[in-house]
Structures are given as structure tokens and as C-alpha cells.
Protein chains: 2
Amino acid sequence: MADVARLVGVSSQTVSRVSNGYPGVTEETRRQVLAAMRELGYRPNSAARALKRGEFRTIGVITFTLSTTGNVRTLEAIAASAAEQGYAVTLLPLAVPTQDEVKGAFSRLGELAVDAVIVIMEVHLLDAATVSLPPGIQVVVVDSDAGDRYTVVDTDQAGGARDAVRHLLDLGHHTVWHLAGPEDSFAAQRRANAWHTTLTEAGRVPPPLVRGDWSAESGYRAGLRLAEQKDCTAVFAANDQMALGLLRALHERGRKVPAEVSVIGFDDIPEAGSFLPPLTTVHQDFAEVGRRCVEGVLSKIRQDVTDAEAETEHGTTLVPTRLVLRDSTAAPPKAPPPR
Amino acid sequence: MADVARLVGVSSQTVSRVSNGYPGVTEETRRQVLAAMRELGYRPNSAARALKRGEFRTIGVITFTLSTTGNVRTLEAIAASAAEQGYAVTLLPLAVPTQDEVKGAFSRLGELAVDAVIVIMEVHLLDAATVSLPPGIQVVVVDSDAGDRYTVVDTDQAGGARDAVRHLLDLGHHTVWHLAGPEDSFAAQRRANAWHTTLTEAGRVPPPLVRGDWSAESGYRAGLRLAEQKDCTAVFAANDQMALGLLRALHERGRKVPAEVSVIGFDDIPEAGSFLPPLTTVHQDFAEVGRRCVEGVLSKIRQDVTDAEAETEHGTTLVPTRLVLRDSTAAPPKAPPPR
DNA sequence: GGGCATAATGTTTACGTAAACATCGGTTGG
DNA sequence: CCAACCGATGTTTACGTAAACATTATGCCC
């Protein structure tokens, strides 16, 4: 910066002003400074900037795994939104999803160059641990019901599940089985609850819940068992991968989809339309979730600047889902068996 | 830091020494300082650290999309390796894969808090653009053949493709069709070349190349065409998603896999084992690719520190693949049709 | 016992930037 | 015509840390 100033014959403060687009600089001077910056290849030093400004313009994203579609798509959307706002995104991966790890990550956060954090993870892990967030770091959580303690943004899990179950009931199915995700996932829990509620409200008896772990393989194993249930004509899988495994198991056991059994998924991964048969599923708007996360976190930062100690209001933002009809659901083969 | 020093009654320099684990501090003093740091909730300010030290301990990752398995898995591995080395990872997503975007990203790099960059992208985009990297920022590229200009780490695309083709030939197929990825992907190009070479070397005539765009949907479209080719008994798809679409198309057209047509994929995505039928594919070791990237970039940084102007030696590191045999490949139905 | 390493700690300074305040020349209104 | 004012620019200072150098105390050797 000093070099640029010297070359033009102005003070470094003027260079700073140009560099930050402040007013109060002659057009002529500005042009000269910009030219000098180009000539000397000047780049502002972000460390010094951060030090001076007290902010990094960076959002940290804590997540356990990038192997689930949802996390990745959300992350991608977050990165895009953040970039739009002039913020960078730093990844804070956790080796294992234990409370200790989460705790460690949160305490490391203090020394990390981050203004805010978005946690893509069920907060269970946060709860028990005596996690104290470094002050001044704002948080938004995805996949949680902790709307009273944190700001939460999430897909409307319940709404999506309800739509899925209703769709199957509307087709004439007597009841709907559910292939749920792992117990420690809040999203899985929420989908399962909504499934149960929707059935009950419709006066149907929910069959026993079958549990998977999100993986296609677990869906396959569950599917082998479900194929034996001759009264099972409709299954709502908590994600598309498990639905994929389910389809494979049903196919192996000679149960036609959708003629004999209807299957519906959740997520609408890009491949869902290429399954055998193309999968009817609940589309999640990850892009919107990401956008809202960034929005939430940035508004908190800005608010924090203005009214210093105002207790930020928490709450939950739900992003609606959309049912995507393909070929894996149809009316049941015959009158449902008597109870 | 000053507060901590005051509380203990030492100078801030001593606190700094404790904070950085330097020797020359009495055990007693160290204990007191650590206690004071805990009490006051002291966290070193990373901006000031970065400013003083001249490094951010952060690696930037430039990638166009997180929608391909490979990119995501590589990114995940990079983040993990980096964390192990005490480095953070900052994501630099590109809105669109144009040269202008890439150029923009690279120039922004200069003001970004990043010591090195890993580019997960075909370098074509870099080539034509008069991209000048900010000096002092080291680069490692994935998915490229620019080993002479950049340090490149990649999966052994050619080796994997060769193994895939040989496997099919060994099963007795007369020749192997290829469903390639998009032209602008170096990985796709490399796999296609190896496919062609392997066939030619085996004295076989390569059928016309069919092109997709990595998506399952494009695989499906290609599959509809391939299903018409009655002499097509074996297809090597350049990735698993396209293989998935291919399977669906073949199934719809009544072509049994693997009885009539063998299909092999590339990547070994987690779902591959749950396809119908479970997909034989070429496994990529993304974790290793990520690890090598970080290794490469960090060794450059360290080298750069020691011998200032030494021209870093470029080169290409190839990570081997592994053929995973499942149920989508088998011997051809009959003697291959005469040429 | 005096000189002299050595270990422990303190003091000064600089990293690059930008806010706060200071200066200077020119314009405007009474 | 002068004072108040304004816009353009310069000067000083502080952000939090750590390297370099300075100081003090301790003990050891001849």
C-alpha cells in the first residue's frame, strides 16, 4: 500500500480510501491510484484488514459428513449465498460425531478466523456437552428443533412427510409403512413423527416402524424384510438412497413396483428419476435452506453491530418441500386386506 | 492477551510464549498463565496472528460444482487432511465454469486469506485465460494433465479404464462400448482414450463413442440408443450415475443385465452396490487423492519458506484404482457376431 | 570472588490497514 | 471582503501478536 501511495505521490490513506470505495477522492486521483495498484500488483492484505476491522467476512460451516446429499447441497448453497454477500466459507469437518469432537470444534472456533457459524447437524450432540460458544460468534443450526436456543433453518420435514403419506393414502392404500432414518437424526425423527401423526389422524393404524441408517444398503436389508409382509402395499422411505435399496430388495423378491408395492422417497436426489422405476419423492429445496442460513447468520452479525447486547431472537424457519410424482407409486393392487 | 498478562503479573510476551508452546518458560509461570487464559476466556486473535506470521494456515479449494461425487469426496478428504495438519479449508465456489469466472476467482485469491490453493477442475479453463496467480500462492490441480505447469494429483483414470475394459474382454466380450463423460472434462477424456487404446491394443475394433454429461439422465438417453445395437454386449460407462441411467434404459427395453449386456461403471459411489443389478465398477480412492493434494500443497509452502526462489518441481501423482466386481458383468450370451 | 554463560522474563518494534483527527485550499454567503 | 464551511488529502494512532533485542537473576568455573 505504501508503495502504491509513493508511486502516485499521495498518502497511504488515500490509497485505502480508493481500495475501499470511499467517497471524497477526486476522480483523477482515484484513476491514478487504481492504475498504480494494477501496475504494482497490489492486493490488500486480508489479515491486516481483518485485524483492523475486527471481522473476517468468513462463515464457518461445521458438519460431520459430506456423504449425505442434503449436507452437501446445503453446503453448496451456503457457499454460493455467502460469496454473493462477500463472505467466504470455511469448512470445519468433524472426524467423528461425538460430543467431545463437537465441543473441541466449538472451542477451536474461538481462534478460528470466523465471524459466524452454521451447524449442519442434529444438535443432540451439542446439548449434553457443556458447550460454550465463543462470544460474538453467531450460530444458525440446520436439522434441529432447538428453535428456542438457536436460530434454526430447516426443510419442513413434517410437511414433506405428511404430503408423502397423504399421497399414498389418496391413491387408496390402506396404510403406509415407514422406513426411517437413524434415531439420532432429528430430520429422521421428525419425518417419522409426521408419518405416524398423519396416519393416526386419518384413522389408520401405523404399522411397526422399520429403521435404516440412510444408506442404500440399509434400505436393501429393510426391504428384504418388508417384502415378506404381504399386506405391505406402500412404503415411505425417509430418503432416496434407502428407497433405492428398497427397490432392489423388492425387485429381487419379485414384488413389482408400483403394481404391488408403492414406494416414495425423500430428498429428490438427481439420480432419483433414473431409478427402476423412477422414484416418486419429496423434493427438498436445499438452495433455499442454504440461502436462509446465510441470511440468518448475516442479519445476526449486523444486528450485533448496531444494538450491542440485544438478545437475538431465536426461531425456526421452515422451507417448504414439493412432491415430485414419478412412477414408483400407484393405486394398491386390490382391496386392502381386512384388519 | 494484555489482560492475561496483567492478571498473572507477567509481560504479554510471556503469555505469547505460553500460547505458542515456546520453551524458556518456568513450569510454574506456564501454569499460572494457562489458568489465567482459561479464567478470562482468552482466545488468540487469528487475524493478528496471520498478520504477524504472514500466513493464514488456510488452504483454498476452487471447484465448480459439488454435485459430482468425486469433487465432494475429494473435498472432504482435503478438509480432513488439512485439519490434521492444522490447516483450515476455505471454499471458493464458482457460479459458472467460464474462463472469466476462473480468472476472477484467481484474482480474488490475492486478497483472500489463503496460503495455497487446490483446484478441482479441468485446467482447460485456466489455460486460455491469461491467469496470473498471485505470487506466493501455491497450487495443486486435480483432473488435469498439466503436470508440466502445475503439480497435479489425480486418480489413475487411464489405469482404471484399462482395467474395466480388460475385465470385459476377459469375460469373452468381443468388444466394449463406451459411454463417455463430457468433452470438457479431462477425466472423461482420459478414460475414453484409455478405453480406445486398450481395445486397439487387444486387436479389437472400438465401436463409436457415445457421449453423456455425467448425469443419470444422460446415461438413460444414451442407453435407449445402445439398447438398439444388437451387437452391443458390454458397456463401460465413465461414471456410476450414467451407468445407473443406462441400466434403467436397458431394463425398459428388455435387455437383461448382465445376461445379455454387461455394464461397468466408474467411481464406486456408495449406492452402486444397490443398483439393479449391483454395479461392477472401478473404485476411486478419493481419500488418498485428497491426502496427496494437501501433502503436495503443504510441502510447497514449506519448501517455499526455506529456499526462497527455487522453482518448484511440478509433476503428476496418480492414485491407483481398484476394480470392484459385483453383478452387472458376465460372459456374453453367445459367440460374438462375426464382424 | 569475579567474570561469564545461561535461563527466565521484559521492552521495543513492526506486520498492513483504516478510523479519527488534522490540515489546507477554495467557495459561499452575508 | 472576510469568516465559516466544505471537500480533498495528509498524519497519527491502534488493532493483537510475536520476533528481535534487552535486562535481570542464577549458578558455575577458574
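What you see below is based on every heavy atom in this structure, not just the backbone, and it leaves out hydrogens, waters and symmetry mates. Labels below follow one simple rule: chain letters A, B, ... track the order of the sequence lines, proteins then strands, and each chain is numbered from 1. Nothing here was measured: the structure is a model prediction, and the numbers come from that model.
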Could you check whether B:Arg53 gets within reach of a base, just the sugar-phosphate, or nothing at all, counting any heavy atom under 4.0 Å? sugar-phosphate
D:dA19 OP1/OP2 closer than 4.0 Å to side-chain N/O of B:Tyr22: yes
It should be established whether B:Thr14 places a side-chain nitrogen or oxygen under 4.0 Å from OP1 or OP2 of nucleotide C:dG10. yes
Would you mind reading off the distance between A:Gln13 atom CD and C:dA20 atom P, rounded to a whole angstrom? 11 Å
Rounded to whole angstrom units, what separation is found between the CD atom of B:Glu28 and the C1' atom of D:dT26? 18 Å
Note: for B:Val10 and B:Leu51 on DNA chain C, the residue whose nearest nucleotide lies more 5' is B:Val10
Judged by nearest nucleotide, the residue sitting upstream toward the 5' end of DNA chain C, B:Thr29 or B:Lys52, is B:Thr29
Counting only side-chain nitrogens and oxygens, does A:Ser12 get under 4.0 Å of the OP1 or OP2 atom of C:dG16? no
N/O donor-acceptor pair, side chain B:Arg17 with base C:dG10, under 3.5 angstrom: yes
Between P of C:dT17 and CG of A:Asp3, the distance in whole Å: 10 Å
Report the residue from A:Val4, A:Val33, A:Leu34, A:Asp3 that forms a side chain to side chain contact (heavy atoms under 4.5 Å, CB included) with A:Tyr42. A:Val4
At under 4.0 Å, does any side-chain N or O of A:Arg49 touch on OP1 or OP2 of C:dA18? yes
From CZ of B:Arg6 across to C1' of C:dG10 the rounded distance in Å is 16 Å
Any side-chain N or O of B:Asn20 below 4.0 angstrom from OP1/OP2 of D:dA18? yes
Assess whether side chain to side chain contact (heavy atoms under 4.5 Å, CB included) is satisfied between A:Leu75 and A:Thr63, documenting all intermediate values. CA-CA 9 Å; A:Leu75 171 63; A:Thr63 182; 5.7 Å; no
Spacing of A:Leu40 atom CG relative to C:dG16 atom P, expressed in whole Å: 14 Å
At 4.0 Å (heavy atoms only), tell me whether B:Ser16 reaches a base, stays on the sugar-phosphate, or touches nothing. base
Please evaluate residues B:Tyr150 and B:Val119 with respect to the criterion side chain to side chain contact (heavy atoms under 4.5 Å, CB included), reporting the C-alpha separation (whole Å), side-chain torsions for both, the decisive distance (0.1 Å), and the verdict. CA-CA 10 Å; B:Tyr150 300 99; B:Val119 178; over 6 Å; no
Round to a whole Å and report the spacing from CE of A:Met37 to C1' of C:dT17. 14 Å
Between A:Arg49 and A:Ser19, do the side chains contain a donor N or O and an acceptor N or O under 3.5 Å apart? yes
Out of D:dT17, D:dT9, C:dT17, whichever nucleotide has its closest atom nearest the side chain of A:Met1: C:dT17
Taking CD from A:Glu55 and C1' from C:dA18, how many angstroms apart are they, rounded to a whole number? 13 Å
B:Glu76/B:Arg73 salt bridge by N-O under 4.0 Å criterion: no
